Amino acid sequence: MQESEIKFIDLDLNENLLSALNSMGFETPTPIQAASIPFLLEGKDALGKAQTGTGKTAAFSLPVLNKINLNQHKPQAIVMAPTRELAIQVAAEIKVLGQNIKGLKVIEIYGGASIVDQMRGLKNGSHIVVGTPGRVKDLINRRSLQLDEVKTFVLDEADEMLKMGFVDDVTWIMEQAPESAQRVLFSATMPPMVKTIVDRFLRNPARVDVAGENRTVAKVEQNYWVVKGVEKDEAMSRLLETEETDASIVFVRTRQDTERLSDWLSARGFKSAALHGDIPQAQRERTVDNIKRGVIDILVATDVVARGLDVPRITHVFNYDIPFDTESYIHRIGRTGRAGRTGKAVLLVRTNQIRMLRTIERVTRSSMEEIQLPNRDKVAEARLAKLGAELEAEKGNASLASFAELIEKLQVSLEVDAATLAAILLQRQQGKRPLFYQGPDPMVDAIERENKRRKERRDNPRDDREGGRDSGRSFGGTKQDWDTYQLQVGRDSGVQVKDIVGALANELGLTKHSIGAIKLAQGHTFVQLPKAMTSDVAGKLKKLRIRQKEVSAVICDFDDFRESRGPRGGAGSGAPRRDGGNSRGGRGGEGHRGRREGGAPAGGRDGERRFDRNRSSAAKGKPAAPRTNRDA
């Protein structure tokens, strides 16, 4: 669908709405608005397929507002949204669009807030109700929300609403709707649950599909960084200090990670706050208000609670964890680049998640550019430049004369010159953010290792294709030159084999030919590494951390990596295979074809899990099923 040539003035909207749109600077409707508004003004049921950022809130709000009867005090429209935040955001946009309609009453109802206050608001009269399904159903059951005069029902982000477990509530509410009421449904995708609702409750709906016309994606510069050299926490710190940000959202997968990463950033001087579903609603609203007012600059959030957030200050979205599916990615980056603004999105991706990244690019019809993380010297330069700007702003401060006298007194009492005193004060000023670094930067080492690996692949394409099973040659050893190390991290620490491989490759600089068999157990991991490691690599192994936990690697006698039958991979065959060739009847050897995560073990024992890097759901581009979250 091409960009609409019509203007709002060409649509059959009343003067109050046109004047509000004009004051907001909007003259031309988006494709979803141009296609939907005429149908909705006619009172037809409608099914709209559109992504976030396409203007769908105004698409259903303008027709609803156009038909409001101010003399009627019972609700005339019910809008249901999957989360509290989105309900608040939709209600706020409706109020802005209806700012010139004197006496208009729009009320938000959602869990986590006082139901008594919401009942009082409904009793005092309301024209439009925006709420989450659970609270809407509750208030209907309490007879506080009456539907007998409702003319329009809207389901916004229906796919997300049903995915979160609201299918029964939505079905029940739609069953209570007056037969004559208009039913409108907007959804980014059309899974079977949504189709069931459409077939059951919408009557010959007008269908509008602009799902591929996501203008938000087009307005957001998208980059990715492949995780190597440093932990993701350190990477986030470097990006936040060197990018020209105003406010940012950092997306993580779990509620625990929001708190952990936010605390980590706050301890390093960033103005950060966590946002997730376990935080009380009043605190969540204060947090959102704080980022709007500049009290904080960074939100560390989960997907669900960030839906519907529209904060003009947000210039950057950082995907600390890659999302499970492309729809979540689109919703995430839709928090910036809104309403004509531009934005930037950065994705932190591990090597085994590149396939998912390519899937996102294909579905969004966009291309992400790989970036290199700034080295520590660049970070120090950014800190010094920021300090310089702050000092520049203070040069004309009238109170400086008094401090100049203090400088003279301190010089005398400390017996130092002005330069030394300034250096002392600068040292104190830097706090936990050094203005210069000493020692090597792990990012520089990581980039050099990556360049070396790429050169080796170019120079030895045959070895790369065949898997190069002379596993000890990177250190000049033979196939039998392995030591087995026990690492004090396992599944109970949340560690997966991909974490082990990634840490050994990125932190120690080992190639795939220099990592032998791996066996992951509940509280520890066994891994084979070459005997002939350099002292530098051995030193890095002693300091190795995986998922923020020291691995405390020690050499042990464990050698039960091989399968018990068959000529391949058995005794005397040299280094155990990690390429899946040893595939049947093994006894828990990592690298043999075992079970996928969550599946039944294939010959494993004692709860130990086998490893095949190429069998993970992320590597196959298949997102894991999202957890049910009744966050509203």
Side-chain angles (χ1 to χ4, degrees), residues 1-44 46-68 77 79 86 89-101 104 106 128 152 154 156-157 182 184-188 205-222 308-315 330-331 333-345 364-366:
M1 184 177 295
Q2 296 181 348
E3 187 74 16
S4 172
E5 296 297 330
I6 67 173
K7 297 184 180 299
F8 281 115
I9 197 170
D10 299 321
L11 301 174
D12 192 18
L13 298 173
N14 64 47
E15 186 58 38
N16 286 331
L17 297 178
L18 291 175
S19 62
L21 289 166
N22 185 60
S23 67
M24 296 162 66
F26 297 135
E27 295 183 358
T28 304
T30 66
I32 188 67
Q33 293 164 1
S36 302
I37 288 174
F39 291 124
L40 298 182
L41 288 173
E42 292 176 15
K44 291 184 177 179
L47 171 61
K49 189 176 181 184
Q51 305 283 6
T52 186
T54 54
K56 55 186 173 59
T57 303
F60 61 74
S61 299
L62 288 169
V64 166
L65 290 166
N66 203 69
K67 296 182 287 186
I68 286 294
V79 180
L86 185 56
Q89 180 60 40
V90 169
E93 187 163 345
I94 292 174
K95 292 173 184 177
V96 172
L97 292 170
Q99 59 187 285
N100 295 332
I101 303 176
L104 176 68
V106 181
I128 301 173
T152 305
V154 179
D156 189 17
E157 297 200 9
Q182 179 185 34
V184 181
L185 185 148
F186 281 92
S187 186
R207 296 175 182 262
V208 180
D209 186 351
V210 295
E213 302 288 332
N214 195 306
R215 295 164 62 187
T216 294
V217 172
K219 290 181 177 294
V220 177
E221 178 187 348
Q222 300 174 70
L309 279 179
D310 187 5
V311 180
R313 290 188 62 224
I314 294 174
T315 57
I330 291 170
H331 278 288
I333 70 171
R335 298 313 103 207
T336 186
R338 299 172 70 87
R341 301 187 295 269
T342 58
K344 187 170 184 178
T364 59
R365 301 177 186 178
S366 59

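Below, each value reflects all heavy atoms present in this structure, side chains not excepted, and no hydrogens, waters or symmetry copies. For this chain, numbers begin at 1 and follow the sequence in order. It should be emphasised that the depicted structure is a prediction, and the values quoted were computed from it without experimental measurement.
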- Sequence-distant partners of Thr152, side-chain hydrogen bond (donor to acceptor under 3.5 Å, both in side chains), two or more places apart: Gln182

- Note on the structure: Sequence neighbours excluded, the answer for side-chain hydrogen bond (donor to acceptor under 3.5 Å, both in side chains) partners of Ser19 is Asn100

Let me confirm one number: the [atom1]-[atom2] distance from [X] to [Y], rounded to the nearest 0.5 Å.
| X | Y | atom1 | atom2 | result |
| --- | --- | --- | --- | --- |
| Leu21 | Leu62 | CG | CG | 5.5 Å |
| Leu18 | Lys7 | CG | NZ | 12.5 Å |
| Leu11 | Ile6 | CG | CD1 | 4.5 Å |
| Ile314 | Arg335 | CD1 | CZ | 8.0 Å |
| Gln89 | Ile94 | CD | CD1 | 10.5 Å |
| Glu221 | Thr315 | CD | OG1 | 11.5 Å |

With a 3.5 Å cut-off and sequence neighbours excluded, list the donor-acceptor pairs that the side chains of residues 32-39 form with protein atoms.
| unit_1 | atom_1 | unit_2 | atom_2 | d |
| --- | --- | --- | --- | --- |
| Gln33 | OE1 | Thr30 | N | 3.0 |
| Gln33 | NE2 | Gly55 | O | 2.9 |
| Ser36 | OG | Ile32 | O | 2.8 |

- Message: Checking Ile128 against Leu65 for the side chain to side chain contact (heavy atoms under 4.5 Å, CB included) test, could you report, in this order, the C-alpha distance in whole Å, the side-chain angles of both residues, the deciding distance, and whether it holds?
- Response: CA-CA 9 Å; Ile128 301 173; Leu65 290 166; 3.7 Å; yes

- Query: Does any pair with a residue in residues 13-25 pass salt bridge (Lys or Arg N to Asp or Glu O under 4.0 Å), and if so which ones, sequence neighbours excluded?
  - Reply: none

- Message: Tell me which pairs pass salt bridge (Lys or Arg N to Asp or Glu O under 4.0 Å) where either residue lies in residues 21-42, with sequence neighbours left out.
- Response: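 Qualifying pairs: Glu42-Lys44.
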
Which pair of non-hydrogen atoms, one from [X] and one from [Y], has the smallest distance, and what is that distance?
| X | Y | value |
| --- | --- | --- |
| Thr336 | Gly343 | OG1-CA, 3.3 Å |
| Gly43 | Lys67 | CA-NZ, 4.4 Å |
| Arg207 | Leu47 | NH1-CD2, 3.1 Å |

- Under a 4.5 Å cut-off applied to non-hydrogen side-chain atoms, are Val79 and Thr57 in contact?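 Not in contact.
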
- Message: Can you list everything that forms a side-chain contact (heavy atoms from CB on, under 4.5 Å) with Asn14? Sequence neighbours excluded, please.
- Response: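 Per chain and number, Asn14 pairs via side-chain contact (heavy atoms from CB on, under 4.5 Å) with Asn16, Leu17, Asn66.
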
